[in-house]
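Worksheet: the structure to be examined is printed underneath.
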Amino acid sequence: MEKPLRLAIQKSGRLSEKSLQIIAKCGIKFGSNSRLLREEAENFPLEFLYLRDDDIPRYIHDKVADIGIVGRNEYDEQNLPLEVLRDLGFAKCRLSVAVPEGFNYTGLNSLEGKRIATSYPHILKSKLKEVGVNANIYEISGSVEITPSIGVADAICDLVSTGATLASNGLKEVEPIYRSTAVLIGRSDLEEEKKVILNRLLMRIDAVMKADDYKYIMFNLPKEHLGEVAQIIGGMKSPTVTPLFDDTWVAVQTVVQEKEFWDVLEQLKELGAQGILVTAIEKMAD
Ligand code: PRP
Ligand code: ZN
C-alpha cells in the first residue's frame, strides 16, 4: 500500500481551523474523530498529525512529518533548512514591539539597554542588529505579555493579530518589525512516492486558492459594446459570448479578479450591461 504523506497541523489555535478548511476544500475527507492526535484521510493518501505549531518545523526536519502548515514567523524564527512550498495567505499577523503605557517610546533606539521579553529571539535580534541597538533579550516560551507587569522586562516583542491580548495587559503596540501569514512548509528531501502525492495535493491547493481570487460574472450587453468589454476585462482570456433572441444583445460570461471586481462592475454598468450575476468559484485550474 502507498505510504501516506504526513501533514502536521496546529492542534488548536489561530491556524487550526483555516488549515483544516483549505484541506477540506481540496475534496479530502477526514475528521471523523476530532480528539485524535493523528488520523488518515479517507480518500487521499494523507495522514494528519495534530501538534503544537511551535513544534511543527522541527518535526518536519526530523522526518516525523513531511509537510506542515505554520505561521511564517515560526518558520523564520527556527531557521531550519526547510522549504516554503506555498504562502497560504491567511492568519495575517505581525511581530511587534509593545511597551507599558508609561514608557516614552520614540523609536527602536528607545530599547537601548532595556530588557525585552520575547518568544522570537532570532527575528528580534536580527532586527536590533540591523538598526544597531543593544538590548537584553529575555527568551520565554509563552505568556510574554505579562512580563512587564511582573518586573521581568521593560518591553516585549510578540505576535499581534487583533491587539486584544496587548490591550488587556495594558501594553501599547509601538513598532511592527515583521509580518507573517500561514505557509505550507516541507522537507526538500522527500521520497519520490511522497513527492508524487505532494504534487497532487499542491495542484488542489492551487486550484482552491486561485478560485478564491476570482469571481464568475454573467451579464447581458448591447452587442455594439462587446469590443469595449473585452478591453475592460483586459488580461483575461476571451469571454464566452452567446447570442440572444434580440440580436442587438449578447450574453457574456467570464471570470474577473476579486480585487478588480468593483471597478469592472461599474464600467460594465456604464456600457449598459444588464442582468449582472456574480458567483463565487469553488475550484479553478488551468
Ligand atoms: C499569539 C500571541 C498572543 C496572541 C495575540 O499567540 O502570543 O498571545 O496571539 O493575538 P491578538 O492580538 O488577536 O490578541 P499564538 O496564537 O501564536 O499562540 P501560541 O503563542 O500559543 O503559539
Ligand atoms: Zn505558537
Side-chain angles (χ1 to χ4, degrees), residues 6-23 34-35 37-38 48-62 64-65 67-80 82 84-101 103 105 111 114-128 135 137-150 152-186:
R6 290 161 307 173
L7 165 67
I9 282 188
Q10 186 186 33
K11 185 170 159 46
S12 66
R14 281 180 315 118
L15 298 153
S16 332
E17 197 181 327
K18 285 258 172 72
S19 304
L20 293 173
Q21 247 171 34
I22 198 163
I23 302 299
S34 61
R35 284 167 302 171
L37 290 181
R38 94 200 255 171
F48 295 79
L49 303 177
Y50 300 108
L51 305 167
R52 271 201 68 198
D53 64 332
D54 311 38
D55 296 332
I56 290 177
R58 174 145 301 277
Y59 276 133
I60 298 174
H61 180 259
D62 294 347
V64 175
I67 57 171
I69 299 178
V70 293
R72 192 181 279 273
N73 51 294
E74 237 16 284
Y75 165 79
D76 278 341
E77 177 59 32
Q78 300 192 23
N79 206 17
L80 292 165
L82 300 173
V84 171
L85 302 165
R86 290 295 182 273
D87 188 330
L88 302 172
F90 64 85
K92 279 200 177 74
C93 62
R94 52 206 184 268
L95 188 62
S96 290
V97 174
V99 296
E101 287 301 339
F103 191 116
Y105 184 89
L111 300 175
K114 299 280 194 259
R115 295 164 305 164
I116 315 170
T118 189
S119 312
Y120 298 91
H122 178 81
I123 300 177
L124 177 61
K125 264 181 208 156
S126 60
K127 181 69 190 182
L128 293 179
I137 296 177
Y138 188 84
E139 187 177 346
I140 185 172
S141 65
S143 301
V144 173
E145 61 280 358
I146 64 162
T147 54
S149 66
I150 56 172
V152 168
D154 306 302
I156 68 163
C157 179
D158 200 11
L159 280 192
V160 183
S161 168
T162 60
T165 305
L166 292 185
S168 64
N169 285 280
L171 298 170
K172 58 179 181 193
E173 181 181 4
V174 287
E175 187 128 9
I177 61 161
Y178 173 93
R179 293 186 191 275
S180 172
T181 49
V183 287
L184 180 70
I185 57 172

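Heavy-atom basis, side chains included; hydrogens, waters and symmetry copies ignored. Every number for a ligand or one of its atoms is a count from 1 in the order of the listing.
- For the atom pair OG (S149) and CG (L171), the distance works out to 7.5 Å, reported to the nearest 0.5 Å.
- Within the 4.0 angstrom cut-off, atom 20 (O) of ligand 1 has no protein heavy-atom neighbours.
- Annotation for ligand 1: atoms under 4.0 Å from non-hydrogen atoms of G163 are 11 (P), 12 (O), 13 (O).
- Looking only at distances, no side-chain donor or acceptor of E145 sits under 3.5 Å from a matching main-chain atom of A167.
- Taking 4.5 Å as the limit, every side-chain heavy atom of I156 sits out of range of all side-chain heavy atoms of T118.
- Around atom NZ of K172, more than 12 heavy atoms belonging to other residues, nucleotides or ligands sit under 6.0 Å away.
- Below 30°, between 30° and 60°, or above 60°: for Y105 and F103 the angle between ring planes is between 30° and 60°, a tilted geometry.
- Atoms of ligand 1 found under 4.0 Å from any heavy atom of V160 (numbered from 1 in listed order, with element): 12 (O).
- Contact annotation for D158 and ligand 1: only side-chain heavy atoms (C-beta onward) come within less than 4.0 Å of the ligand.
- Counting only heavy atoms from C-beta outward, the side chains of R115 and V152 never approach each other to under 4.5 Å.
- Close N/O approach between S161 and ligand 1 is found [any backbone or side-chain N/O within under 3.5 Å].
- Judged by the shortest distance from any of its heavy atoms, G13 lies outside the 4.0 Å radius around the atoms of ligand 1.
- Side-chain contact between L128 and I116: present, with at least one pair of heavy atoms (C-beta onward) separated by less than 4.5 Å.
- For E17, the CD atom is loosely surrounded, since the number of other residues' heavy atoms within 6.0 Å does not exceed 12.
- Atom 18 (O) of ligand 1 has R14 NE, 4.9 Å as its closest protein atom, hydrogens excluded (heavy atom only).
- Legend: side-chain hydrogen bond (donor to acceptor under 3.5 Å, both in side chains) pairs involving residues 88-98, not counting sequence neighbours, sorted by first then second residue: R94-E173, S96-E173.
- Atom numbering of ligand 1 starts at 1 in the shown order; those under 4.0 Å from a heavy atom of A164 are 12 (O), 14 (O).
- Atom 15 (P) of ligand 1 is approached by the protein to below 4.0 angstrom, counting heavy atoms only.
- Contacts between D53 and ligand 1 below 4.0 angstrom, taking non-hydrogen atoms only, involve the side chain exclusively.
- In terms of protein heavy-atom proximity, atom 13 (O) of ligand 1 is nearest to T162 OG1, 2.5 Å.
- Summary of contacts: the protein heavy atom closest to atom 2 (C) of ligand 1 is L159 O, 3.5 Å.
- Protein-derived N/O/S atoms nearer than 2.8 Å to the Zn ion (ligand 2) total 3, waters excluded.
- Side-chain contact check for C93 versus R14: some heavy-atom pair is nearer than 4.5 Å.
- Between D87 and R72 a salt bridge is recorded (basic side-chain N to carboxylate O distance below 4.0 Å).
- With a 4.0 Å heavy-atom cut-off, ligand 1 is reached by the side chain of D54 but not by its N, CA, C or O.
- Taking atom 4 (C) of ligand 1 as the reference point, the nearest protein heavy-atom neighbour is T165 OG1, 3.8 Å.
- Atom CG of L159 sits about 9.0 Å away from atom OH of Y178, to the nearest 0.5 Å.
- Shortest non-hydrogen contact noted between V144 and A117 is CG1-O, 3.4 Å.
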